[in-house]
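Notes to accompany the following structure.
These figures come from a predicted structure and were not determined experimentally.
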Amino acid sequence: MIKFEKPWVIEENGEEFILKFSPPLLKELGTITFLDLPNRGALLTEGMPCISLEATNWLGTCKVPVSGKVVDVNDQITGLNSQQLTSQDWILKLKK
């Protein structure tokens with residue numbers, strides 16, 4: 001099993017956390033074939049599973065690195081199929 005040291009890039013914008021996958025994570029995953037994100041309005045607690053992910057090199061769930069309410073999800077990547085994300089693509093926006 002692959003253990004990722006720093007799977008997230010967290011940007012703070014006022015009262016909001018913007019979560020992105022880190023470049024090392026994306027490199028190790030390979031092509032992402034499925035990504036299931038939480039719903040807007042979901043309350044997430046740091047450390048809880050929040051994303052289901054399938055890729056050529058990994059299958060599992062990702063744990064949220066901070067607590068907050070999901071205020072936005074990147075609809076352009078929801079249900080992703082046979083595409084590869086970049087580290088510039090944001091995944092979730094959480095309100096502190």
Checklist line | side chain to side chain contact (heavy atoms under 4.5 Å, CB included) between Phe21 and Ile77, intermediate numbers included | finding: CA-CA 12 Å; Phe21 289 142; Ile77 61 172; over 6 Å; no
Given side chains that start at C-beta, do those of Leu53 and Leu35 come closer than 4.5 Å, heavy atoms only?
yes
Val66 and Met48: same hydrophobic cluster, using ILVMFWY side-chain contacts below 4.5 Å? yes
Grouping ILVMFWY residues whenever side-chain heavy atoms fall under 4.5 Å, the cluster of Trp90 otherwise contains Ile18
The salt bridge (Lys or Arg N to Asp or Glu O under 4.0 Å) partners of Glu12 (sequence neighbours excluded) come to Lys96
Side chains of Glu28 and Asn57: closer than 4.5 Å at any heavy-atom pair?
no
Closest non-hydrogen contact found for Ser52 with Thr61 is OG-CG2, 4.0 Å
Rounded to the nearest 0.5 Å, the CG atom of Leu26 sits from the CD1 atom of Ile32 at a distance of 6.0 Å
Taking Thr31's backbone N and O only, do any of them form a donor-acceptor pair with Thr56's side chain (distance below 3.5 Å, no angle check)? yes
TODO: State, with a plain yes or no, whether a side-chain heavy atom of Pro23 is found less than 4.5 Å away from one of Val9.
DONE: yes
### Message
The test is side chain to side chain contact (heavy atoms under 4.5 Å, CB included); show your working for Val64 and Leu94 and say whether it passes.
### Response
CA-CA 10 Å; Val64 69; Leu94 304 177; 3.8 Å; yes
| message | Counting C-beta onward and ignoring hydrogens, is there a side-chain heavy-atom pair between Ile51 and Leu92 closer than 4.5 Å? | response | yes
Query raised in the report: Given the rule that I, L, V, M, F, W and Y join up when any side-chain heavy atoms are under 4.5 Å apart, are Val71 and Trp8 in one cluster?
Result: no
Inset, instruction - For residues Ile10 and Leu19, determine if any side-chain heavy atom of one lies less than 4.5 Å from a side-chain heavy atom of the other. - result: yes
In terms of heavy-atom contacts, Pro38 and Cys50 come closest through CD-O, 3.2 Å
So side chain to side chain donor-acceptor pair (under 3.5 Å) across residues 15-26, not counting sequence neighbours, yields Glu11-Lys20
